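Everything below concerns the one structure shown next.
Just so it is clear, the values below take in all heavy atoms, side chains as well, and ignore hydrogens, waters and symmetry mates. Below, read A as the first sequence line, B as the second, and so on, with proteins coming before strands; counting in each chain starts at 1. All values reported here derive from a predicted model rather than from experimental measurement.
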Protein chains: 2
Amino acid sequence: MRQVLTIAKAIGDESRARALLALRSGELCLCQIIDLLELSPSTVSKHMDVLQQAGLVERRKEGRWHYFRLANHQAAPVVRRAIKWVLESLQDEPVVIGDAKKLCCVRRKDPRELSVCYKG
Amino acid sequence: MRQVLTIAKAIGDESRARALLALRSGELCLCQIIDLLELSPSTVSKHMDVLQQAGLVERRKEGRWHYFRLANHQAAPVVRRAIKWVLESLQDEPVVIGDAKKLCCVRRKDPRELSVCYKG
DNA sequence: CCGTTAATTCGCCAATGAACGAAGTATATC
DNA sequence: GATATACTTCGTTCATTGGCGAATTAACGG
């Protein structure tokens, strides 16, 4: 019960929902999600913590960067289904489409993908 | 976007999640849900309003009684999938199983089903 | 070692949400 | 019409949440 409620509450915030959708296209570090959402670092850090507590995202640390990705196929069914639901339900949202465009440029900040923008 | 967030927030409360699960077995009137959840009428009324606003339940008025049922198969896909997710994810929860047992007796209060309890 | 960048933690504030009881509405029944 | 039952609305209280900035920790680069 607790997990289902935690997942539902995590999804029920626009900023977190947008972050989840943004991770469709691969992992992002916190500073990129900050650029995307245009919120303060502390706020975004908290949001990603909520998503991680719910099991919706996983994190990986590489040097100064903390990368986040969607929970993978080995995650619990309740998590996988929740992710499937939110991705399918929001993929055509104007805000989400706008975020996808913006992400192209935001990714320039990723040290591993310098100047890969404007290719799409 | 708004609808997805409204649905997620509606599900993210234990009392409302339990109410949704309770409606698996058919419609219930508000007073039965009050008996089940053991919360004040005003609180339960508000909860059911939230569920209805989210499109997760539909209501029907018959005399003094207000009956609620899960949104049917004609509801929007986003709603149907959310209901499917929460029903499948919570059906084995101890609280939910306990509620199902309790519901047998609670249904006695339904004027249309007098003394149908203890049949299971 | 010092400065910079990435992220977290902490304390604060405003807004939201869940709970209640009291009062009001609606619909039976006496 | 009076009374009882079912439900809603309103106002209040208390806890949670989302937002921020300041201070702190962690890791790299001169």
Please check: side-chain N/O of B:W85 versus main-chain N/O of A:V78, any donor-acceptor pairing under 3.5 Å?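 Between the backbone of A:V78 and the side chain of B:W85 there is a qualifying donor-acceptor contact (under 3.5 Å).
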Would you please test B:L37 and B:T43 for side-chain contact (heavy atoms from CB on, under 4.5 Å) and show each step? CA-CA 10 Å; B:L37 299 179; B:T43 299; over 6 Å; no
Residues in side-chain contact (heavy atoms from CB on, under 4.5 Å) contact with A:N72, at least two apart in sequence or another chain: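 Here the qualifying residues are A:E58, A:Q74.
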Under the side-chain contact (heavy atoms from CB on, under 4.5 Å) rule, collect the residues that match up with B:A75, sequence neighbours excluded.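 With sequence neighbours excluded, B:A75 shows a side-chain contact (heavy atoms from CB on, under 4.5 Å) to B:A71, B:V79, B:R80, given in chain and number order.
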Starting at atom [atom1] of [X], determine the distance to atom [atom2] of [N], rounded to an integer number of angstrom.
X	N	atom1	atom2	answer
B:Y67	C:dT27	OH	C1'	13 Å
B:D35	D:dA6	CG	P	9 Å
B:M48	C:dA18	CE	P	14 Å
A:L51	D:dT17	CG	P	14 Å

Are the side chains of [X] and [Y] in touch, meaning some heavy atoms are under 4.5 Å apart?
X	Y	result
B:V96	B:Q91	no
A:D49	A:Q53	yes
B:L103	B:L28	yes

To the nearest 0.5 angstrom, please state how far the [atom1] atom of [X] sits from the [atom2] atom of [Y].
X	Y	atom1	atom2	value
B:W65	B:Q32	CH2	CD	10.5 Å
B:S25	B:L23	OG	CG	7.5 Å
A:M48	A:I33	CE	CD1	3.5 Å

Return a single string for nucleotides 8-14 of chain C, one symbol per nucleotide in 5' to 3' order, where B is base contact, S is sugar-phosphate-only contact and - is none, cutoff 4.0 angstrom on heavy atoms. BB-----
For nucleotides 25-30 of chain D, read 5' to 3', which letter fits each nucleotide if B means a protein heavy atom sits under 4.0 Å from the base, S means only the sugar-phosphate is that close, and - means neither? -SBS--
Where the side chain of A:S40 is concerned, which of C:dG21, C:dA7, D:dG21 is the nearest nucleotide?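 Selected nucleotide (nearest to the side chain): D:dG21.
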Side chain of A:L39 - closest among C:dA7, D:dG19, C:dA19: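 Looking only at side-chain atoms, A:L39 lies closest to D:dG19.
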Heavy atoms within less than 4.0 Å of DNA chain D: which residues of residues 4-18 of chain A have one? Give them sorted by number.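 Those residues whose heavy atoms fall under 4.0 Å from DNA chain D, taken from residues 4-18 of chain A in numerical order, are A:D13, A:S15, A:R16.
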Could you tabulate the donor-acceptor pairs under 3.5 Å formed by side-chain atoms of residues 1-15 of chain A, not counting sequence neighbours?
| residue | atom | partner | partner atom | Å |
| --- | --- | --- | --- | --- |
| A:T6 | OG1 | A:R2 | O | 2.7 |
| A:D13 | OD2 | A:S15 | N | 3.0 |
| A:D13 | OD2 | A:R16 | N | 3.1 |

Which part of the nucleic acid, if any, lies within contact of A:I34, taking any heavy atom under 4.0 Å across all strands shown: a base, the sugar-phosphate backbone alone, or nothing?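 Touches nothing.
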